[in-house]
Amino acid sequence: MKKVLLTLLSAFALLPAVAGNNVAPWGWATCSDESGTAYTLSGGNFTDANTVTLQPLGSGQSDDAQIKQAIAKNDIIIFDGSKGDFTIEEVMKLASIKNKTLIGINNARLCTKFYLTTEDHAYLKAQNLEGLSSTDQYTGTLPDGTTLTCDRRAFFTKKAMMELQFQKTGVYSLPNKAGIFHIETSSENIIIRNLSLIGPGSVDIDGVDLITNQGKHVWVDHCTLVDSQDGALDSKVCDWATYTFNHFYYTSRSYSHAYTCGCGWVNNHEMVLHLTFASNIWGEGCQRRLPQADDSYIHLVNNYHNCPGNSVGMTLNSYIKALVEGNYAAAGVNSPLTGSGSNRSVTARENSFSASSVGSTVTVPYQYTKVAASAVPALLTGEEGAGATLGNDAAYILSTIPTIDRSGGTETVYVFVKEDSHIGEKITEVGGITVTFDPSVTDWRSGGSAKDAQNIDGVEITGFYTQSDATNGAPIIIETTQAGTLTIFLGGGVATNKSVNMTEGENGLTATVLSSGATIENGAKPETAIEAWDALVYTLEANKTYKFFVGGTKWRLAAIRYIPTTTGIHTIATDQNTGGRVYNLQGQEVKTAQRGGVYIINGKKVIAQ
């Protein structure tokens, strides 16, 4: 859907309508450093956003492929649950996904295809697993021949689950990929709102999470996360994340290991995760990790622990800086705040439970509002409280998210190389570049062969070129209109003797591919290898012509990505063909907007002032 910037006369100004708890992004996700320098967390809310609405395929079909394709090709993805639940075959990896917003309407539920049945529970209970130690180490051989060392309960749980799968399929396997989203380290500026994510039931088999966040600047808001196989929302080597108004709980589907939100697990304390948890409910069945964190600078405010009989609540361990304030724990909740280890600073204040501060005083650099701890239960269980409670109006759900002008330069442009379709073709893309595959180089056509499917932004790419011998490689001509960052993805298995060149006139950058993820010399720098590809990154200037080529024998090109460098921020966007008409909440066009009234202006709810 194309949008243009709405220009208003001085009769009234527009502000996002904030009714109930439809909040704007805030917290660490909207910061770019510890001093609080602002980062505009907009997701895919561009002025000319490409928007798609998905409905489940139904009839037992998996929705993985259509979801991956929608995320790859669109900025805003709306999940419409009016026709039933979406079925997820296995956890979907979101690699190099930038500037995306995923929202739900009409009670949209993304459900794992595999789940624990009552018969599975009966079998697991018959193995007396609850009586086994979860700390003593055990080494044994699983039914599939794998030798494994882990705690005794985990080993025999895996063994029992393999036996169950053998009974169902005739193959010893672990159904340990039953999750929804894995946001990888190369992803940034992601918003997930108003979705219900339904897992298979918790079980200790080294499974996946409903959401694993390893990205940067991620906001998960007003989501319901139920029956996660492993964690519900785990934060691993991610940074700058905010989690608000989410509801975590477990049902009778879950068997064990109801450990909800793990944060950190950083090797050698080499980084600090900046995380905000605000106004979340940890409800029925939650046992541990509410959340649990180490190696983190974490803010926990106005959360509600309503899981009597749990093991422990918030657990803040080594290398932690934490501000814990205004949280409420229901009667029967055990150890609402605990932790141990070295290098701990925890400031605890104004909570409903007694907790002591440790170490230096911790503050956060961003502005926020909070309520008294006693007001938290009513706030989070009321209208637009925690969970997928924002309703069915997509425009309303998007109304508090900042809108970015794509022409200002935030778009990520991809060119995929596939089959022979781009030989000699000039491909012009919005976002600052024109790409031409040099038609004089016939080697583009030589030796084309399909490789094992790889994945960029959810798109499966199978037809890479393999280039035969050429003196100067196969040039790609890149003409820029905007400065930006260019990434060239080379297929895995590129030999160490290949020279990779980016030239501009007579003065060019030269790099040598050493191995996947190796350091690239002479002005270029590497990006984290994605799906076993080498990713070469170059900074290009505006209004210049560059050539990229690889010398030597056979190589593969998977994709080209370009990210312009400048951005523009605007208050509101509108459909191009509406002329800025104003409607009341009943859908009737009005000539005059009354001060203080709530109106629909081109799909956005706004307040007239």
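This is a predicted model, so every value here is computed, not measured. The figures here come from the full heavy-atom set of this structure, side chains too, leaving out hydrogens, waters and symmetry mates.
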Heavy atoms of other groups near Y115 OH, more than 12 under 6.0 Å: no
Expected output: side-chain N106 to main-chain D80 donor-acceptor under 3.5 Å: no
T101, V52, T51, L102 screened by side-chain contact (heavy atoms from CB on, under 4.5 Å) with N74, the one that passes: V52
Donor-acceptor pair, side chain of K83 and main chain of L57, under 3.5 angstrom: no
Distance-only polar pair, side chains of T212 and D234, donor-acceptor under 3.5 Å: no
Q229 (side chain) donor-acceptor with P200 (main chain) under 3.5 angstrom: no
Donor-acceptor contact present, side-chain S254 to main-chain S202, <3.5 Å: yes
Test log, rule side chain to side chain contact (heavy atoms under 4.5 Å, CB included), inputs M271 and V237: CA-CA 8 Å; M271 69 173 290; V237 295; 3.9 Å; yes
Test: E89 and K113 ion pair at under 4.0 Å: yes
Residues W240, S32; criterion side chain to side chain donor-acceptor pair (under 3.5 Å); working and verdict: CA-CA 7 Å; W240 317 111; S32 55; over 6 Å; no
Sidechain-backbone polar pair: N303 side chain, S279 backbone, donor-acceptor under 3.5 Å: yes
Check: D227 side chain, R253 main-chain N or O, donor-acceptor pair, under 3.5 Å: no
Check: M92 main-chain N/O paired with H182 side-chain donor or acceptor under 3.5 Å: no
Distance-only polar pair, side chains of W26 and T242, donor-acceptor under 3.5 Å: no
4.5 Å side-chain heavy-atom contact, F248 and R289: no
Polar contact flag, side-chain donor to acceptor under 3.5 angstrom, D63-Q66: yes
Residue pair Y368 / T276, side-chain donor-acceptor N/O under 3.5 Å: no
Chi angles and distances behind the side chain to side chain contact (heavy atoms under 4.5 Å, CB included) call for D230, Y259: CA-CA 7 Å; D230 199 83; Y259 298 176; over 6 Å; no
Within-4.5 Å side-chain heavy-atom neighbours: I180 and L195: no
E383, CD atom: more than 12 neighbouring heavy atoms under 6.0 Å: no
D295 side chain to G264 backbone, donor-acceptor under 3.5 Å: no
Any donor-acceptor pair under 3.5 Å from E384 side chain to N22 backbone: yes
N213 versus Y243, side-chain donor and acceptor atoms under 3.5 Å: yes
Test item: T87 and P56 side chains (from C-beta on) under 4.5 Å apart, heavy atoms: no
Donor-acceptor contact below 3.5 Å, side chain N246 vs main chain C223: yes
Donor-acceptor side-chain pairing of S228 and D209 below 3.5 angstrom: no
Polar contact flag, side-chain donor to acceptor under 3.5 angstrom, N99-S42: no
